[in-house]
Amino acid sequence: MALINVAAGEINYKIVYYGCGLGGKTTSIQYVYKKVNPGIKGKLVSIATEEERTLYFDFLPLTLGKVRGLKTRFHLYTVPGQAQYNASRKLVIQGVDGIVFVADSQLNRLDDNVESYLNMWENLEDQGDSPLNLGLVLQYNKRDLTDIFPTSDLDELLNQTNAPAFETCALTGEGVFEALRNVSKQVIANTEKE
Amino acid sequence: MSQNQTVNEYQFKIASRILERLREAIKPDYLGLVSTDGHSITALSTPGFTDTDAVASLAASSYAATRQLARLVSDSDLTMMFNEGDELNVHIAQVTDKMLLVVCFQHLADMGRVRLLTNRALGALVDAMSRYEVSSGNRSNGAFAESADEAVEMLIAEDEEVSDGPD
Ligand SMILES: Nc1nc2c(ncn2[C@@H]2O[C@H](COP(=O)(O)OP(=O)(O)OP(=O)(O)O)[C@@H](O)[C@H]2O)c(=O)[nH]1
Ligand SMILES: [Mg+2]
């Protein structure tokens with residue numbers, strides 16, 4: 001649900017990185033922060049535990065400047081992936097326009113990925129949204145590791161909506177911007193549809 | 001997708017005027033209208049203060065968390081939050097379902113007056129927002145999407161020159 005401020009000429013979109021704990025959501029948003037054009041980024045705010053696990057969210061605002069007279073902004077958030085933080089996840093996804101689902105490609109993270117994907121679906125439906133109507137892309141992350149699923153398996157397990165999927169390595173940033181650009185365009189297209 | 005939230009000209013103008021008046025009266029460090037989703041709608045702050053996006057995001061989420069906590073603990077609703085610090089006070093109040101008033105101000109001798117004026121402004125805001133509410137606006141102008149896509153391509157990209165910009 002984009003926030004359109006007609007008088008101030010602003011449009012704001014919210015994009016949330018979702019996925020299981022340790023999957024690479026924070027690393028992805030940190031990479032964007034590090035590498036994006038400094039002129040468009042604001043401060044990266046992280047609410048995390050001592051051990052650098054996300055406790056509430058990471059937040060990074062990007063301002064594209066004026067597009068057809070509208071100052072266009074994307075606010076990127078991550079959720080805390082650990083299962084016990086579901087109450088916080090629900091708050092972070094309020095008003096979300098697009099989701100980047102970050103899956104951990106490692107074989108031993110299968111259950112966590114599936115659980116997180118279902119949890120996302122459930123939380124969205126609880127707030128009257130659906131992954132079918134929002135912008136959605138998948139990052140198949142940690143492709144640099146060895147014990148990982150082939151992408152075809154991940155597609156079958158985690159991509160129920162046939163969303164665009166990107167092989168990524170959040171550590172080196174491979175694929176991260178491609179995924180972000182794709183979901184950004186989806187949410188823009190959705191504003192027009194309404 | 002749920003509907004876009006639109007702030008129209010009337011709402012924005014009246015709200016800006018109310019905030020301006022409150023600012024003159026209590027000289028806060030930050031004064032803003034924030035969507036419950038964490039977007040800044042309009043903000044007045046001391047010169048040089050630029051992190052209004054971060055403030056909006058943090059204020060909305062801390063309010064949402066505290067409100068949810070109240071619901072869980074005692075099934076009660078909370079429409080206002082007042083945090084008193086050694087130096088700074090943070091006051092957050094619900095204006096509409098989707099909008100919050102956030103005031104951050106230094107300790108003042110006359111806290112009662114601050115509360116009174118803030119509450120008055122809040123009342124005026126609630127009134128203005130509901131009076132001029134219109135259904136969600138839509139922008140069925142394909143040109144926006146096209147230009148926005150171009151901006152995304154150009155700007156959301158790895159900057160090869162600079163690996164870390166100024167904070
Ligand atoms: N090898 C490898 N490691 C990665 C990759 N992405 C993230 N990591 C590592 O995985 C660990 C967890 O990454 P985070 O980004 O903190 O994970 P998260 O999804 O934010 O986790 P929560 O905050 O608990 O939800 C860190 O040690 C990262 O360095 C990747 O693509 N490849
Ligand atoms: Mg994290």
Side-chain angles (χ1 to χ4, degrees), chain A residues 1-8 10-12 14 32 34-45 47 56-57 59 61-65 67-68 70 72-75 77 87-88 90-92 94-97 127-130 133-134 173 177 180-181 184-185 188-194, chain B residues 1-13 16 35-42 50-54 56-58 60-62 64-65 68-69 72 98 136-160 162-167:
Chain A
M1 187 180 76
L3 170 72
I4 304 171
N5 187 338
V6 179
E10 288 180 355
I11 183 159
N12 298 276
K14 183 168 182 175
V32 173
K34 222 167 36 189
K35 284 292 188 171
V36 80
N37 180 340
I40 77 165
K41 71 179 178 187
K43 203 179 218 148
L44 175 64
V45 175
I47 304 183
Y56 198 174
F57 56 78
F59 167 70
L62 301 178
T63 305
L64 295 197
V67 176
R68 299 258 161 187
L70 274 185
T72 304
R73 313 153 96 177
F74 291 90
H75 289 173
Y77 284 82
S88 303
K90 285 180 162 210
L91 297 176
V92 175
Q94 278 178 15
V96 64
D97 296 292
Q127 68 174 29
D129 274 322
S130 154
N133 302 331
L134 296 172
F177 273 88
L180 177 58
R181 280 195 292 270
S184 302
K185 290 180 189 176
I188 289 165
N190 282 344
T191 340
E192 306 275 326
K193 265 193 246 157
E194 278 173 39
Chain B
M1 183 162 78
S2 44
Q3 285 205 315
N4 291 325
Q5 181 190 358
T6 307
V7 181
N8 66 42
E9 308 262 348
Y10 290 117
Q11 292 175 316
F12 188 76
K13 270 194 197 136
S16 302
S35 85
T36 48
D37 302 335
H39 300 299
S40 173
I41 295 168
T42 179
T50 53
D51 283 325
T52 47
D53 282 336
S57 169
L58 289 168
S61 29
S62 95
Q68 194 56 30
L69 188 152
L72 285 176
K98 304 254 65 185
S136 149
N138 53 342
R139 313 187 52 81
S140 49
N141 171 7
F144 170 73
E146 205 175 295
S147 307
D149 277 2
E150 271 169 35
V152 165
E153 270 306 323
M154 232 164 56
L155 294 170
I156 303 189
E158 275 126 314
D159 196 323
E160 301 301 342
V162 201
S163 68
D164 205 355
D167 276 357

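All values derive from a computational prediction rather than experimental measurement. Labels below follow one simple rule: chain letters A, B, ... track the order of the sequence lines, proteins then strands, and each chain is numbered from 1.
With respect to chain A, the highest number of heavy-atom pairs below 4.5 Å among B:A64, B:S57, B:A54 belongs to B:S57. For the set B:E9, B:M154, B:E150, the count of heavy-atom pairs under 4.5 angstrom toward chain A peaks at B:E9. By number of non-hydrogen pairs under 4.5 angstrom with chain B, the leading residue of A:G42, A:S130, A:P61 is A:P61. Counting heavy-atom pairs closer than 4.5 Å to chain B, the top-ranked of the candidates A:V32, A:L64, A:L180 is A:L64.
For the pair A:F59/A:I47, no side-chain contact is recorded, criterion being any heavy-atom separation below 4.5 Å from C-beta on. Side-chain atoms of B:T42 and B:F12, non-hydrogen and from C-beta on, do get closer than 4.5 Å to each other.
Evaluated for a side chain to side chain contact (heavy atoms under 4.5 Å, CB included) with A:Q94, the options A:V92, A:L91, A:V96 yield exactly one hit, A:L91.
Proximity to chain A (any heavy atom under 4.5 Å) is restricted, for B:S35, to the side chain, taken from C-beta onward. For B:D53, the parts sitting under 4.5 Å from any heavy atom of chain A are the backbone and the side chain alike. When heavy atoms are compared at a cutoff of 4.5 Å, B:E153 approaches chain A by way of both its backbone and its side chain. Contact of B:K98 with chain A is made through the side chain alone, with heavy-atom distances under 4.5 Å.
With hydrogens and angles ignored, the 3.5 Å screen pairs a side-chain donor or acceptor of A:R181 with a backbone N or O of B:I156.
A salt bridge is absent between B:D37 and A:K14; no separation between the charged side-chain nitrogens and carboxylate oxygens falls under 4.0 Å.
Residues satisfying the ring pair (Phe, Tyr, Trp, His ring centres under 6.0 Å) criterion with A:F74, sequence neighbours excluded, are A:Y13.
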